[in-house]
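We're numbering straight along the sequence, starting at 1. Values below: all heavy atoms of this structure, side chains included; hydrogens, waters and symmetry mates excluded.
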Amino acid sequence: MTSPKPTIEQVNEEAYLLRFGNHINEQTADQILWTTRQLKRLHDIQDLIPSYTTILLTLKTQAEQPHKLIDEIENILNESTEQAAIPLDQRKTVVIPVYYGNEVGPDLQEVAKHCQMTPEEVIQRHSATLYRAYTIGFTPGFSFLGSTPDELHIPRKRTPRHQAPKGSVAIAENQTAVYPSVTPGGWQIIGRTPMELVDWNSEHLGLIATGDSVRFEAISREAFLAQGGKLDGF
């Protein structure tokens, strides 16, 4: 299937916004992932920030022949409309261990009631899905993952928490995420991971990048504690 032709908008002398329509879906995500990979090969691009339906790019201040560079970017955008889906074996898959339980997932019972399931059914459906990282934002390393099964769709909390503990695994609407650090948050928390999702000494900072696949793996309380998990925070 041919994707809609993206557009390019100049933000300022060194920044441009590439738009890939208005719909968040796998086809658009594949197009953005392919385009991002091609743009990384261009020497005079300073930074790339892919999102749900856009890529924000900045040029190096010493970029040579910027008009020629914009022509190269437009050629890549034209080619992107013909790209097929990115095979799963060409995406990195991150497996995140999760201890699901009331002591670290205070909203698990509420989610189960809202979705007319047992807590065990919520856990099974959440951990059985292969998610995609659509964008990174909110805080460093916070990956917006989609899409949750339809039966797990639930609104955000009416009143956000002042503090969501580090490692909290949560869902809201049709997305799921992990809080990589202690922050306020309004998502429904159903578990916690002992895994570190941010490496402050790494060039890329976050373990998960836009376009990656993510799977959650249910682990026991004992395994969670053995891997360095903490039960405090609420």
Which value, rounded to the nearest 0.5 Å, describes the distance between [X] atom [atom1] and [Y] atom [atom2]?
| X | Y | atom1 | atom2 | answer |
| --- | --- | --- | --- | --- |
| Asn75 | Glu72 | CG | CD | 7.5 Å |
| His153 | Thr148 | NE2 | OG1 | 3.5 Å |
| Ile208 | Met195 | CD1 | CE | 8.5 Å |
| Ser80 | Leu18 | OG | CG | 9.0 Å |
| Ile73 | Leu59 | CD1 | CG | 6.0 Å |
| Ile32 | Phe20 | CD1 | CZ | 5.5 Å |

Do [X] and [Y] belong together in a cluster built from hydrophobic side chains that touch within less than 4.5 Å?
| X | Y | result |
| --- | --- | --- |
| Val94 | Ile171 | yes |
| Ile55 | Ile24 | no |
| Leu205 | Val182 | no |
| Leu77 | Leu17 | no |
| Leu48 | Trp34 | yes |

Between [Y] and [X], is the closest basic N to carboxylate O distance under 4.0 Å?
| X | Y | result |
| --- | --- | --- |
| Lys60 | Glu14 | no |
| Asp30 | Arg132 | yes |
| Arg19 | Glu9 | yes |
| Lys92 | Asp212 | yes |

Is the shortest side-chain heavy-atom distance between [X] and [Y] below 4.5 Å?
| X | Y | answer |
| --- | --- | --- |
| Lys166 | Lys230 | no |
| Pro119 | Val122 | no |
| Ser147 | Gln175 | no |
| Tyr99 | Pro194 | no |
| Gln116 | Lys113 | no |
| Leu56 | Val11 | yes |
| His114 | Gln188 | no |
| Ile123 | Leu108 | yes |

Margin query: Would you say that more than 12 heavy atoms from the other residues, nucleotides or ligands in this model lie under 6.0 Å from the CG of Asn22, or not?
Written below: no
- Gln10 atom CD, over 12 foreign heavy atoms within 6.0 Å: yes
State, to 0.1 Å, how close [X] and [Y] come at their nearest heavy-atom pair, and which atoms those are.
| X | Y | value |
| --- | --- | --- |
| Ser143 | Ala177 | O-CB, 3.4 Å |
| Pro97 | Gln227 | CG-OE1, 3.7 Å |
| Ser168 | Ala164 | OG-C, 4.2 Å |
| Asn25 | Thr28 | OD1-N, 2.7 Å |
| Thr53 | His23 | CG2-O, 3.6 Å |
| Leu130 | Ser213 | CD1-CB, 4.0 Å |

Practice item. Please assess Asp107 against Arg161 for the test salt bridge (charged side-chain N to carboxylate O under 4.0 Å, His left out), listing each intermediate value before the final yes or no. Key: CA-CA 11 Å; Asp107 300 319; Arg161 286 187 172 85; 2.8 Å; yes
When the aromatic ring centroids of Tyr131 and Phe216 are compared, is their separation below 6.0 Å?
yes
Quiz item: Centroid-to-centroid, Trp187 to Phe142, below 6.0 Å?
Solution: yes
Test side chain to side chain contact (heavy atoms under 4.5 Å, CB included), reference Val178, set Thr193, Val214, Leu207, output is Thr193
Begin from the C-alpha positions of Glu103 and Arg192 and carry the test salt bridge (charged side-chain N to carboxylate O under 4.0 Å, His left out) through to its verdict.
CA-CA 10 Å; Glu103 58 188 329; Arg192 192 180 299 179; over 6 Å; no
Margin query: If only side-chain N and O atoms count, and only distance matters, is there a donor-acceptor pair under 3.5 Å linking Thr176 with His126?
Written below: yes
Practice problem: For Met117 and Leu152, run side chain to side chain contact (heavy atoms under 4.5 Å, CB included): C-alpha distance rounded to whole Å, both residues' side-chain angles, the deciding distance at 0.1 Å, then the answer. | Solution: CA-CA 9 Å; Met117 298 180 186; Leu152 288 185; 4.0 Å; yes
- Which is it for Val169 and Ile189 under the side chain to side chain contact (heavy atoms under 4.5 Å, CB included) test, yes or no, and what are the steps along the way? CA-CA 6 Å; Val169 177; Ile189 298 176; over 6 Å; no
Problem set entry | Sidechain-backbone polar pair: Thr81 side chain, Asn78 backbone, donor-acceptor under 3.5 Å | yes
Checking Ser220 side chain against Ala223 main chain: does a donor-acceptor pair fall under 3.5 Å?
yes
Just do the side chain to side chain contact (heavy atoms under 4.5 Å, CB included) check on Tyr100 and Ser127 with the steps written out, would you? CA-CA 10 Å; Tyr100 297 92; Ser127 60; 3.7 Å; yes
- Message: Quick one, Leu231 with Arg221, criterion side chain to side chain contact (heavy atoms under 4.5 Å, CB included). Give me CA distance, side-chain angles, the key distance, then yes/no.
- Response: CA-CA 10 Å; Leu231 298 175; Arg221 186 179 191 272; 3.1 Å; yes
